[in-house]
Amino acid sequence: MVTSALRSKPASTNGHPKKIVARKAARPNKTKWVYLFGEVDQAEKYARSWDGVRALLGGKGANLAEMTRVGLPVPPGFTVTTEACNAFLAAGETFPPGMWEEELVALKKIEALAGKKFGDPKNPLLVSCRSGAKFSMPGMMDTVLNIGLNDEVAEGMIRLTGDARFVYDAYRRLVQMYGTVVLNVADEPFEAVLATHRKRRGVENDAALPPEDLKAITAEFRQIVKAQAGRDFPTDPIEQLKLATMAVFKSWNGKRANDYRKAAGIPHNLGTGVNIVTMVFGNMGDDSGTGVATTRNVSTGEKELEGDFLINAQGEDVVAGIRPTLPISAMKEKMPRAYAQFAKIARLLEKHYRDVQDVEFTIEHGKLWMLQTRDAKRTAQAAIRLAVDLADEKLITRPEAVKRVSPDHVDYFLHPQFDPGDKKAARARGDLIAAGLNVSPGAAVGQLAFDADTAEQWARDKKAVIMVRPETKPDDVHGMLAAKGILTSRGGRTSHAALVARQFGKPAVVGVLTLEVSVENRQFVTAAGRTFNEGDWVSIDGTTGEVFAGKIRTVVPEFNDPYLVKLLKWADDIRQLGVWANADYPRDAERARLYGAEGIGLCRTEHMFFETERLPFVQQMILAKTPEQRAEPLSKLLPFQRADFAGLFKAMDGLPVTIRLIDPPLHEFLPSHDELLHDVTALEMKIQAREREGQALSDILSKRQKMLDAVEMVRQTSYNAGIEIPVGLPTREEQWDSLSSMEHRLQVVEVELKDFTSTLAEKRRMLGAVEGMREQNPMLGLRGVRLGIHMPELVTMQVRAIFEAACQCAKDGVDVHPKIMIPLTAHSAELQMEQSILEAEAKRVMDEQGIEVDYQFGTMIEIPRAALVADRIAEYAQFFSFGTNDLTQTTFGVSRDDAETGFLMEYLEKGILPENPFASIDRDGVGKLMEMGVTLGRQTRPDLEVGICGEHGGDPKSIGLCHKIGLDYVSCSPFRVPIARLAAAHAALGDKADLR
Ligand code: PEP
Ligand code: MG
């Protein structure tokens, strides 16, 4: 029954229904280690916030208590706190004083609530012992069910229930779980016993085994425990409870829990709670069942109950995927009353927690029991739709909806999916080999690896891996994280593989029942009999559940998901930062605009110089000795640049386009010095070799000629004298043949020599030029504004191209707003000199064209000095853009080109730096300079527009800083634009917990 507490509108923070008012009351001196589910008020009083309650009782314990408080059918139980866990671990795995006694008292209380007695064969209470940390760590820690059973209790239960099958099924499960969880016995021997019995009886699943088998299995299991653990299975229920509590505490420090926390960024010092819950049974016949469900579809976000259900089974059967489950909708038919109650509770829980819930339930003889609720994990696609729907349904506000979507969720839409054409072709080829459940969307292509270690190793070797298993277990997480995608032959939507994959955004297809996976033989066989071995390529589609042989091409999804569009629109309403894009070509600009960019913050003009038809002119220009010689190649480049800029203006019609004048050192456009040196040396050697060959050929030819003459003379003399020509004398043809092939070779050698010599001259000239321009530290050398001052014709040509394009576009009706950006300024005098030349050229062009356009001149702030004297620089610059790539390089004095492969990585590993400063702005240093730059700049020019165009412009954390220090916009790659829109909204919403 649901009480009115659930129906009333909740008024709290972070999804919790009740506002917790901090009380001044002193905390009790004596630590309370155990809270009954009914004692949540006390827990709140102690922990002072709902977040504190979750930390104290763990998410599962807190929510069971909360459901109890609001009157939902929760079996009686209690939670041993995370504080007790931490005290236990700190004391070398010893319970803190008083804890065990409190646990025993709580046990008495739940005995009273349940009307049963722990260990009493006449009316036995069985309990489960479940882990539950503050943040959900699905399957990472331990659980033991059916605690309290022994031979006497089992017999007593049979007398009470008349159901020996049920009782021995529960008993054998206890022994098995106890063995594996508490006594560390391997699972395989237990599974082998079950398999033998199934085979003998000719049945497919354990539920079909008769009671006498289950009884025998229980005995065999106890033998396994004794043999493998070297001790008897404990028959004293109290001892069972004590050891199980300890085992759950210890599992907090288990390898898989540790690995998971590392990957999920969960702190290691939180500890786990232990929930002791009265057992209710879903395996008491056909009026019993169990299921796990989410209150909406967490793969797609659709508004429908989603989940798996089994009749006559215990909860673990559903998750383990051992028996094929029914969809939750089947419960409607099979148990209409329980279903109706469940559906109602699901809706109420959503309303209560103001979010989609992931619930576990059991039906015992037709009565519904809620065993767990928590905020459901969801795919990126679902996260966005759910946020939008919940806001539209007024369950949450729009700012909350925006806050609930993370940059990673948006990122999904910018990631590859299979190219539809290529996929169709694969299907037509018969490469669609199987289909399963589409539990985590996205496309993944990789080589099959049959275990987690192999997957991890191969990923380290830079291979793309699809990890395939019959089903995954918590020990497999490291391989799953390393793999591109996950494939299992068993398991449902709530299986371990599905949960983990969704959480980490890995495409996954599970429950592909037609695949016969043999880990032993490192292969799987499809229904059609095709065999795939380890290392073979497959492509899996986590969006549709399809599995293909071979590789399928991937494409980036269309950016038109209506929910995403809507959510980002809400983000736009919230954010204060503008979002612009770094784009060099019209096609990038178009994409950026489609993704919501409000301008171009950086067009790196030098990229255009690298195109094949332009590079020769660029090189000619660089090699020219005088401005006059330079004029010709520049005049060839001008039309190219003009067309480039016109394309950008058209694509960004009505929006600002920031064009940065040439920045990099000129040698970047010339072949590398080392390569040239190598070529020159190689050519010199080739020439020497050809010269020697030519000489040798000439010598031979002249000797042969002489010989030929002599032979000819003998022949002639013999003929004249009427003497027979001597035998063995080569014929005239033979002589000619050998001479002509040599002459031919000599000609080739001479042509090659000529070629090599002229190439050598060209290469030497280039080498001379490169050497003349060579700098020890080119990144700190003749580049940026310095280059413009040194070679004004080049930047003047660029400005001419910009203004000719702008004027022409304006005449054609395009609304143009060019912003000319001068890079690498360190001193205001540099800017003053270059800008005055360029502004004059701009005016000249506008005069020639007879039209004025709206324009600005500004500079990048990417040298610390520029930030320090930003007030002086702002006397000339009408806008600033922080080039944080260079600013980070020059502030740290760390080369940006070597940083990520050099010592910086060691610094990160050793914790010297908390983060890579080239990925996320170093707030203390670079951030301080930026703040100073903004403040000083605006002192001189209050309306100074300031943005950022370094890579950090697309990094959510850095965007937070940009918002804080009052930038006008961030500019990033087109693919980051949607993420930046969301991150800018998050920055504007700040840390405020209550966004209602
Ligand atoms: C920068 O330095 O941050 C910048 C945007 O310029 P580039 O990366 O082209 O040097
Ligand atoms: Mg730069």
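Indexing begins at 1, ligand by ligand and atom by atom, following the structure's order. Heavy-atom basis, side chains included; hydrogens, waters and symmetry copies ignored. Predicted model only: the values in this text are computed from it and were never measured.
Here's the thing with Arg604: one of its N/O atoms is less than 3.5 angstrom from an N/O atom of ligand 1.
Ligand-side atoms of ligand 1 in range of Gly883: 1 (C), 2 (O), 3 (O), range being under 4.0 angstrom from any heavy atom. Applying the 4.0 Å criterion to heavy atoms of Asp663 picks out, from ligand 1, the atoms 10 (O). Taking a cut-off of under 4.0 Å to the non-hydrogen atoms of Cys949, the atoms of ligand 1 that pass are 5 (C).
The pair Glu668-Arg604 fails the salt-bridge criterion, with no side-chain N (NZ, NE, NH1 or NH2) lying under 4.0 Å from an Asp/Glu carboxylate O. Taking 4.0 Å as the cut-off between side-chain N and carboxylate O, Arg765 and Glu762 count as a salt-bridged pair. Under the 4.0 Å criterion applied to side-chain N and carboxylate O atoms, Asp968 and Arg938 are assigned as salt-bridge partners.
Nearest-heavy-atom check against atom 10 (O) of ligand 1 across Glu951, Glu862, Arg896 picks out Arg896.
Applying side-chain hydrogen bond (donor to acceptor under 3.5 Å, both in side chains) to Gln641 and the options Arg800, Gln798, Glu804 leaves one that passes, Gln798.
Sorting the N, O or S atoms of Asp886 by how far they are from the Mg ion (ligand 2) puts OD2 first. Note on Glu862: its N/O/S atom closest to the Mg ion (ligand 2) is OE1.
Ring geometry for Tyr855 versus Phe803: interplanar angle over 60°, hence perpendicular rather than tilted (30 to 60°).
Ligand 1 lies less than 4.0 angstrom from a heavy atom belonging to Met860.
For the residue pair Gln849 and Lys811, a side-chain donor N or O sits within less than 3.5 Å of a side-chain acceptor on the partner. Side-chain contact, Thr940 with Asp871: no donor N or O sits under 3.5 Å from an acceptor N or O.
If you take CD1 on Ile600 and CG on Leu655, they are separated by 9.0 Å, rounding to the nearest 0.5 Å.
Scanning the protein for heavy atoms near atom 6 (O) of ligand 1, the closest one is Arg660 NH1, 2.9 Å.
At a heavy-atom cutoff of 4.0 Å, ligand 1 is contacted by no atom of Asn582, backbone or side chain. With a heavy-atom cut-off of 4.0 Å, Leu602 touches ligand 1 through its side chain alone.
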